[in-house]
Amino acid sequence: KAATRPPRELTADEKALIDTLVKRLPDKEEQTRARKEMEAKLAFLSPEDLAAVKKVLKDPCGSDSVQVNIGVLGKDYEPRLRDACRKIMSDTPTFGRALFENIPKMMFVFLPLIAAVIYVLYLGSGRYYVEHLLFVVHYHAFFFLGGLVILLVERLATWTRDTTAGSVFGGIGGFLIFVFALYVPYYLYRAMRRVYGQGRIVTLLKYSMLGVAYFVCLVITGLALLFYTALSL
C-alpha cells in the first residue's frame with residue numbers, strides 16, 4: 001500500500017535529519033547514495049510510521065528504543081551503557097578510533113585463549129603452554145602481515161582511483177584477497193601437521209574443533225571489546 005501512494009515533499013526537519021545521518025558516512029559516494037535511499041523511503045512513509053521513526057531517532061539509546069537485558073548487572077551498568085550509546089551516536093568516528101585502538105588489548109586476551117584451546121587439544125604431547133602460545137603468535141603474525149599487504153594495495157587503489165593504475169591495483173587487491181582467503185586456513189592446517197606431527201585425519205579433526213573454538217572465542221572477546229570501548233569513552 002505504501003508503494004502505491006505518490007511520494008510527498010520532505011519537510012525541513014526531515015531533510016535536516018537526513019543531513020545529520022549522512023554526515024556520519026566517511027565516503028562522499030556513500031553519502032550521495034544513502035541520501036537518495038533515505039529521501040525515497042521517507043517520502044513514502046505513512047504519518048504513523050514517520051512518527052515512530054522520529055521517536056527512535058530523537059533518542060535512539062532510550063529505554064523505548066533499546067532494551068538492555070544483562071541480568072543482575074543491569075542496574076549498575078545500564079545507565080553507563082546508555083550514556084556510552086549516546087556518545088557513540090553523537091560522535092561515531094571517535095568510537096571507531098577508540099575501538100581500533102583497543103584491538104591490541106583484545107588480542108592480549110584472545111591469543112592466550114586460543115593457545116589454551118590448543119593446549120587441551122594436544123594434551124599428552126609433552127609441550128608446554130608457552131610453546132602453544134608461540135605457535136598461535138607465529139600464525140597470527142603471518143595473518144596480520146598478509147592483511148597489511150592487502151590494505152596497502154587497496155589504499156594505492158583508492159589513491160589512484162579513476163586511472164589505469166587504480167584499476168590495476170584494484171584487480172591485484174581482489175586477487176590477493178581471494179588467494180589469502182584460501183591460503184590462510186590451509187596454512188594453519190599445514191602448520192599444525194608440521195609442528196605437532198600427527199596424521200591427516202587426526203589433524204583435520206583437531207583443526208575443525210579449533211575452528212569452532214576460534215569462532216566462539218572471537219565472538220566473546222569481540223563483544224567484550226565493544227563493551228569495554230563503550231564504557232571507557
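Predicted model, so just to flag it, every value in this text is computed and none were measured. The figures here come from the full heavy-atom set of this structure, side chains too, leaving out hydrogens, waters and symmetry mates.
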Undergrad: Out of curiosity, R190 CZ to T203 OG1, how far, rounded to the nearest 0.5 Å?
TA: 9.5 Å
Undergrad: Tell me every residue that passes side chain to side chain contact (heavy atoms under 4.5 Å, CB included) with R200, counting only those two or more places apart in sequence or in another chain.
TA: Y189, R193
Undergrad: Measure the shortest side-chain to side-chain distance between F142 and L145 over non-hydrogen atoms and say whether it is less than 4.5 angstrom.
TA: no
Undergrad: Run the side-chain donor-acceptor check on residues 166-187: report pairs under 3.5 Å with partners two or more places apart or on a different chain.
TA:
from : atom 1 : to   : atom 2 : distance (Å)
S167 : OG     : T163 : O      : 3.4
Y187 : OH     : H138 : NE2    : 3.0

Undergrad: Transitively linked via ILVMFWY side-chain contacts under 4.5 Å: L226 with M106?
TA: yes
Undergrad: Run the side chain to side chain donor-acceptor pair (under 3.5 Å) test against Y214 and tell me which residues pass, sequence neighbours left out.
TA: H140
Undergrad: Quick one: which residue pairs count as a salt bridge (charged side-chain N to carboxylate O under 4.0 Å, His left out) with a foot in residues 212-225, not counting sequence neighbours?
TA: none
Undergrad: Under the side chain to side chain donor-acceptor pair (under 3.5 Å) rule, collect the residues that match up with Y196, sequence neighbours excluded.
TA: H132
Undergrad: Are V137 and V130 connected in a single hydrophobic cluster, I mean Ile/Leu/Val/Met/Phe/Trp/Tyr linked by side-chain heavy atoms less than 4.5 Å apart?
TA: no
Undergrad: Who passes side chain to side chain contact (heavy atoms under 4.5 Å, CB included) against M209, sequence neighbours left out?
TA: L121, L205, K206
Undergrad: What's the shortest heavy-atom distance between A165 and T160, and which atoms?
TA: C-OG1, 3.7 Å
Undergrad: Report the residues that fulfil side chain to side chain contact (heavy atoms under 4.5 Å, CB included) with K105, sequence neighbours left out, ordered by chain and then residue number.
TA: N102, Y228
Undergrad: Look at the side-chain heavy atoms of Ile, Leu, Val, Met, Phe, Trp and Tyr, link any pair under 4.5 Å apart, and say whether I118 and V109 land in one connected group.
TA: no
Undergrad: Which donor-acceptor pairs under 3.5 Å do the side chains of residues 216-223 make with protein atoms, sequence neighbours left out?
TA:
from : atom 1 : to   : atom 2 : distance (Å)
T221 : OG1    : C217 : O      : 2.7
T221 : OG1    : L218 : O      : 3.3

Undergrad: Near F143 CZ, under 6.0 Å, is it more than 12 heavy atoms from other residues, nucleotides or ligands?
TA: no
Undergrad: Quick one, M192 with Y139, criterion side-chain contact (heavy atoms from CB on, under 4.5 Å). Give me CA distance, side-chain angles, the key distance, then yes/no.
TA: CA-CA 10 Å; M192 291 173 68; Y139 171 74; over 6 Å; no
Undergrad: Who pairs with R127 by salt bridge (Lys or Arg N to Asp or Glu O under 4.0 Å), at least two apart in sequence or on another chain?
TA: E131
Undergrad: With sequence neighbours excluded, what pairs up with I103 under the side chain to side chain contact (heavy atoms under 4.5 Å, CB included) test?
TA: F100, M107, L225
Undergrad: Roughly how far apart are L111 CG and F135 CZ, rounded to 0.5 Å?
TA: 12.5 Å
Undergrad: Might you confirm whether atom OH of Y119 has over 12 heavy atoms from other residues, nucleotides or ligands at distances under 6.0 Å?
TA: no
